[in-house]
Every structure is written in C-alpha cells, then in structure tokens.
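Counting starts at 1 for both ligands and their atoms, following the listed order.
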Amino acid sequence: MIHYKTKEEIEIMRHSCLLVGKAHAIIAAALKPGITTMQVNNLVETFIRDNGGIPSFLNYSGFPYATCISMNNAVVHGFPNNTPIKDGDIISLDIGVFKNGFHGDSAYTYAVGEVSTEVKQLLRVTKESLYCGIDKARQGNRIGDIAYAIQEHTEKKYGYGVVRDLVGHGLGRKLHEDPQVPNYGKRGSKEKLKEGMVLAIEPMINMGVKEVLHLDDGWTVLTKDGKPSAHFEHDVHITKAGPDILSSFEEIEAAEKTNVNLSWSY
Ligand code: MG
Ligand code: MG
C-alpha cells in the first residue's frame, strides 16, 4: 500500500533528508587514506544523535551498525570495520536518519585518493543515471519510466551491470514502503506516480556483470566478478510541478571539492 504524504509531512521529511546530507558532508570532509570505516560510521552516528535523530539502519531487521559502508567490489549493506581506507578505494556510504516520525535515506560513493579513469567514469555515470531517473519522477509517469531511464543510461549506453536483486523504494514513516523502484524495466510499466509519493531512487551500478553474491554475514552484497560498484541515492517527492528532491548533495559536493584526499572531478 502506497502512503501519500501531506504537505506538512513532506516538510518534516525534508528535514530528515537534509540531515542525511549534512551527515554525508561531514564524511566528505573527513575521508582520507588511513581513516577506518568504523571511524566513519561513528562520526555519522554521533552527528545524527547530536541532532535529535536516530540512525535508521541500526537494528533494521537486525542490521548491526548505524551506516552501510560498502567498499570497491561491495555493492551495498557492507559492515564498517577497522581496516584503514587506502588511496584508490571507493566508498559507498548509505545513511538513514529517523526524526520526528519520518526517515531520510541517501547514499553517495566517494573516491579516496587517485582512482582510475574507468572508476571515475563509473561514478559519474551512476550519478548521472540517478538524475535521469529523477527527471522521470513526475506526476502521470510510471515507476517503469524511472527504471527505464536509469537502465538506458548505464546498461545500454556504457555496458554496465544494473543490479537486479536490490531496488529503490517508497519512503516515509517506514524506511521501506511501497512501491519498489527498480533500476531496470519497461517504460510505462508499474505504478502511476502521484503527488504526495516519496521515492528513494537509488541506482546500484556495477562496472562489470549485474550479478551479485550475498556474504555469509547475512548482509554484505558483492559483485560476482569482483569489479567495483557505485551507489547514489536521493529521496524524491512527486509533485504536479515536477520532481522535488528532498535530500541534497550540495553540501557533500562542496566538501568533496575542498578535500584534497578525494577525487571528485569526474
Ligand atoms: Mg539508502
Ligand atoms: Mg534506500
């Protein structure tokens, strides 16, 4: 069942979504070779709690950490750990904030130090595909229009693998609501988009094959061929006037550009 939000609820959600962006921006400023993903996780958790929120992912179906941190060949749902990040690593960080009864949920992939041209292209194209999907997030369109736009830009144009096992979702009082938002599919298919819907649109794009492996920890998802994967996610409110992006990359991108330890120009 799809939960349509009132204007008041949208503004509460916007606050949660923007807090997620601010938590990301702290990490965009702090990332460098030598920092551990556990330190990243703890910085995020402290920031969320200091701002009156609760990390959405902690204890979600038993997930044991505040954030999902997935490096290099990990697609999503990775555990933070005490291994230092190295020059050349890419870090997909997914953050959720629950505050005032509503969730925000946004992911971003960071490139630490110098990464290859191929990896830079993967990050650029994955981020672009998110905006291709968002451009279709308009009243009267269907979920399949978003899905098709993402698949077209990544799989058809660049030969990348669009992950099939994991999809975007509705967002609200629950972290995962209806409808599902796949990153592949047919134009004009699935649910019709209507004002008041909030969708977490989140392309998970592999440089190589689309197939993934699920680790024994019950959570971590890896690419089957060991090649890198990227993940960008925005929360989008459907309106009659067009897509209203509740989350923001603005502060993340500004922090990225001033952090000499990150590759951001791609
Ligand atoms: Mg997420
Ligand atoms: Mg999500």
Side-chain angles (χ1 to χ4, degrees), residues 2-3 5 13-28 37 40-41 44-45 47-48 53-71 74-80 90-99 102-110 123 126-127 129-131 133-134 137 143 146-147 150 162-184 191 197-206 212 219-221 229-238 243 245-249 251-252:
I2 296 170
H3 296 281
K5 280 79 184 177
M13 286 196 76
R14 195 186 306 278
H15 178 74
S16 298
C17 296
L18 290 178
L19 259 186
V20 175
K22 289 181 189 302
H24 266 289
I26 287 171
I27 302 310
T37 50
V40 168
N41 176 79
V44 171
E45 179 163 8
F47 175 81
I48 293 172
I54 294 169
S56 301
F57 305 158
L58 185 63
N59 301 322
Y60 181 86
S61 299
F63 189 81
Y65 298 99
T67 63
C68 298
I69 307 187
S70 311
M71 278 173 54
V75 180
V76 286
H77 302 166
F79 289 177
I90 59 167
I91 317 293
S92 294
L93 173 63
D94 198 350
I95 301 176
V97 167
F98 182 71
K99 190 176 170 185
F102 287 90
H103 292 276
D105 178 15
S106 178
Y108 200 93
T109 302
Y110 301 91
L123 300 187
T126 304
K127 196 196 267 190
S129 78
L130 169 59
Y131 290 105
I134 290 172
I143 291 288
I146 298 172
I150 293 170
V162 174
V163 175
R164 304 298 203 268
D165 289 27
L166 301 137
V167 296
H169 50 92
L171 182 75
R173 291 190 183 277
K174 290 206 178 127
L175 181 61
H176 294 122
E177 296 185 350
D178 288 336
Q180 292 198 336
V181 187
N183 299 303
Y184 58 93
E191 293 84 351
M197 285 172 94
V198 178
L199 305 175
I201 302 176
E202 49 178 319
M204 291 156 261
I205 307 298
N206 299 343
V212 296
W219 286 100
T220 311
V221 180
S229 184
H231 183 204
F232 290 87
E233 176 181 29
H234 264 317
D235 305 324
V236 182
H237 165 217
I238 308 296
I245 306 178
L246 301 180
S247 45
S248 173
F249 290 165
E251 287 172 80
I252 303 172

Would one find an N, O or S atom of His176, in either backbone or side chain, under 2.8 Å from the Mg ion (ligand 2)? no
Whether Tyr108 and Tyr110 hold their rings parallel, tilted or perpendicular, with breakpoints at 30° and 60°: tilted
Aromatic rings His103 and Phe98: how do their planes relate, parallel, tilted or perpendicular, breaks at 30° and 60°? tilted
Answer yes if the ring centres of Phe249 and His234 are under 6.0 angstrom apart, and no otherwise. yes
The Mg ion (ligand 2) and Asp105: any N/O/S contact shorter than 2.8 Å? yes
Under 2.8 Å: N/O/S of Asp94 next to the Mg ion (ligand 1): yes
Check all N, O or S atoms of Glu233 and name the one closest to the Mg ion (ligand 1). OE1
Measuring from Met204:CE to His77:NE2, what's the distance to the nearest 0.5 Å? 7.0 Å
Heavy-atom donor-acceptor pair, Thr109 side chain to Ile91 backbone, under 3.5 Å: no
What angle sits at the Mg ion (ligand 2) between NE2 of His169 and OE2 of Glu202, to 10°? 90°
